[in-house]
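Presented below is the structure to which this report refers.
Each chain gets a letter, A, B and so on, in the order its sequence line appears, and its residues count up from 1.
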Amino acid sequence: MTAALALVAGLVGPAAAGWGITCWLDPPGDRSVSANAGRLATAVLVGIGLSSLIAFAHLLAGGSLGPRYVAVDAVALVALGGGAFWVGRRGPRSSATAASAVSYAQVAAAVLVVIALGLSIWTFATATAAAPHGEWDAWAIWNQRARFLLRAGPEWRRAFAPELTWSHTGYPLLLPLAVARLWCYAGETPLAPAVIAAAFAFAAPVALGAAVARAAGNLAGAAAALVLLATAGFTLHGASQYADVPVAALFVAAVGALLHAGGVEGGARLRHLALAGLLLGLGGWTKNEGLAAAACAVIAYVALGSRAQGARVLRDLVPIFAGAALPGAAWLVFHLALVPEIARALTTRGASASVAQQLVDAGRWDVVFSMLWSAFPGSEHHVSAFALGLAIALGVRPRAMARSVPLLAGVLLLCCDVLTYLVTPLDLRWHLGTSASRVLLQAWPVLLLGLFAASARAPAAAPLRQSAAGAGTAVRAADAR
Amino acid sequence: MRSDRPSSPPLHLAALAVAAGLAFWVSGSLALSPRPPHRDGVGDFDRALVPLRDALGPRARIGLLLPTEDVAPWYLVQYALAPATVVRLRAGDCAPGGPATGCPGDATHLLVGSPTVEGAAAFGSPLGFVPVARSAGLVLLARSAR
């Protein structure tokens, strides 16, 4: 019981600091339940990510993790969250949305999402009870690293000893540090990695639903969240404590911020872009594949944005990179100073001739596509077919899909996955069989975002219109007269 | 009386109902699907190795000798005994004339899969290691202070 309370205390700090930062970068002008739920989900993601960066800075500065670290952590989080809150209050206020009537359908949609979330949490909890230490990668990689970082004290660099190369010492540290940090609060309990895993697994559908709701209305948002909650692999791999679900959560929250940035101007646009950059950077700090996801998101944003805005879209890269600066710097320090494995891997990759040979091998293409198809998220329940049908029923517009940043970003990430498998130096079938079902999850919520955000907005949730008085008050343009 | 609440198109409501039905169906089938009996194998092994971990210093470097080529027990031992580093040995590594990269000269401990302490001691004694703890079919030997 004490451990559980300490875990809660360990989570409240990052969530509160994340809330301060999220409300600064995405001011609560829209006070709808879905928008605030989305902000809360983003706050949790940002808070956990930043708390791991604080822990990393503390280690690099010569500190160590242990019960005494709690004070350092608390002070840093209060300073960070309080500072962001203070800056947010001093800055220009976002226009407040006038209270709008909520339809019975919207209330029902919210209730259905909450019930589905509850059922999914039950599934997560039973899977966690069966394997409290998580599945293979969780204990062999992430939680093992967390144990080193905590137990070794000032000698935490032992976590990257050459003898441990089999445990992928080159994987970044967001998850191990987030877990080790919670252990500083609650002692070494398997509940800590499970709680971190749950935070990511359940922030993702909420962030997805909120982002879709902003673009296409609450019913479409609820439908998108329900489809993700219906993806059994997402919940189960989340409970396995694999890093792919956190990458997916950060990716969808980031692309949601990018999507929203495209619809606003001025300082609000810059802040949303910075928030997207921060989330993308944290994705790279979670797993190196997160960098590929970040690159796909930026390429999609620039490629589609340049059609509408020309070279102006390139200026948007400045706040994105500014947002990603902290996690990006941590990633660089980690890979340059601590584990230069990735630099070695890039320079000693097999001969380009053999890579080219793999790329033109029709047999490999066949194996990759057939195994990726059968491992596609939700394939056992035909979830992707349901998603497509639901999007059509919600009035998905093909032209909007063709201009969709999330859809292009998700498809690009899938292409990266295909290429990675095609040139893998490992046994192809083994590599696909042991990883495809979870790796594909990284793109899945963003693909759902692209699909459902391209739906026609229901009349009940028509776009906001600035009032002619220009007093900063937005009113609902719709509706149900 | 006319309601001032906005309404939604029937197709959208149908889509919402289908999405909810799908989510409930999948969650229900997961909840009702038969599961193997609950056994936390990793946790059991982890707890069993606590006495060995207690016998290790913070800078321990362990040579692990197991009668299997499967990597899972090695990885589990590493997980349980962190921050000690565990290097896997093979039977011939520590024999006279074994490979130069074999039995690590800088190991502070050996961990031997053996049903008896005597068997492990017989292996470790010529190498200068003596048994200090035993659990889960593993015997921990520390370098003797000769």
Which bit of [X] is near chain B, if near means a heavy-atom gap under 4.5 Å: side chain, backbone, both or neither?
X        : result
A/Trp156 : neither
A/Ala223 : both
A/Leu164 : side chain

As an exercise: rank [options] by heavy-atom pairs under 4.5 Å with chain B and give me the winner.
options                                : answer
A/Trp139, A/Trp136, A/Phe386           : A/Trp139
A/Ala140, A/Ala232, A/Ala127           : A/Ala232
A/Gln144, A/Glu380, A/His133           : A/His133
A/Ala225, A/Ala222, A/Ala109, A/Ala108 : A/Ala109

Donor-acceptor under 3.5 Å (A/Arg151 side chain, B/Ala82 main chain): yes
Looking only at heavy atoms, which two atoms of [X] and [Y] are closest? And how far apart?
X        : Y        : result
A/Ala230 : B/Leu22  : CB-CG, 3.7 Å
B/Ala19  : A/Leu390 : CB-CD1, 3.7 Å
A/Ala105 : B/Leu13  : CB-CD2, 3.3 Å

Cut-off 4.5 Å, heavy atoms of chain A, and the answer for B/Ala72 is both
Counting heavy-atom pairs closer than 4.5 Å to chain A, which one of B/Ala17, B/Ala80, B/Ser29 comes out on top? B/Ala80
Look at B/Leu76, B/Thr85, B/Val71, B/Val86 and state which one has the largest set of heavy-atom pairs under 4.5 Å with chain A. B/Leu76
When you look at B/Arg59 and A/Arg158, which way does the side-chain contact (heavy atoms from CB on, under 4.5 Å) test go after all the steps? CA-CA 9 Å; B/Arg59 294 183 182 180; A/Arg158 286 168 63 95; 3.8 Å; yes
Check the angle between the aromatic planes of B/Trp25 and A/His381 and answer parallel, tilted or perpendicular using the 30° and 60° thresholds. perpendicular
Would you call the rings of B/Trp74 and A/Trp166 parallel, tilted or perpendicular, where under 30° means parallel and over 60° means perpendicular? tilted
Rounded to the nearest 0.5 Å, how far does [atom2] of [Y] lie from [atom1] of [X]?
X       : Y        : atom1 : atom2 : answer
B/Leu11 : A/Leu219 : CG    : CG    : 11.0 Å
B/Phe24 : A/Leu119 : CZ    : CG    : 6.5 Å
B/Asp46 : A/Glu188 : CG    : CD    : 8.0 Å

Stepwise, does the side-chain contact (heavy atoms from CB on, under 4.5 Å) test hold for B/Leu16 with A/Leu226? CA-CA 9 Å; B/Leu16 181 68; A/Leu226 287 166; 4.0 Å; yes
Does B/Leu30 reach the side chain of A/Leu236, with side-chain heavy atoms less than 4.5 Å apart? yes
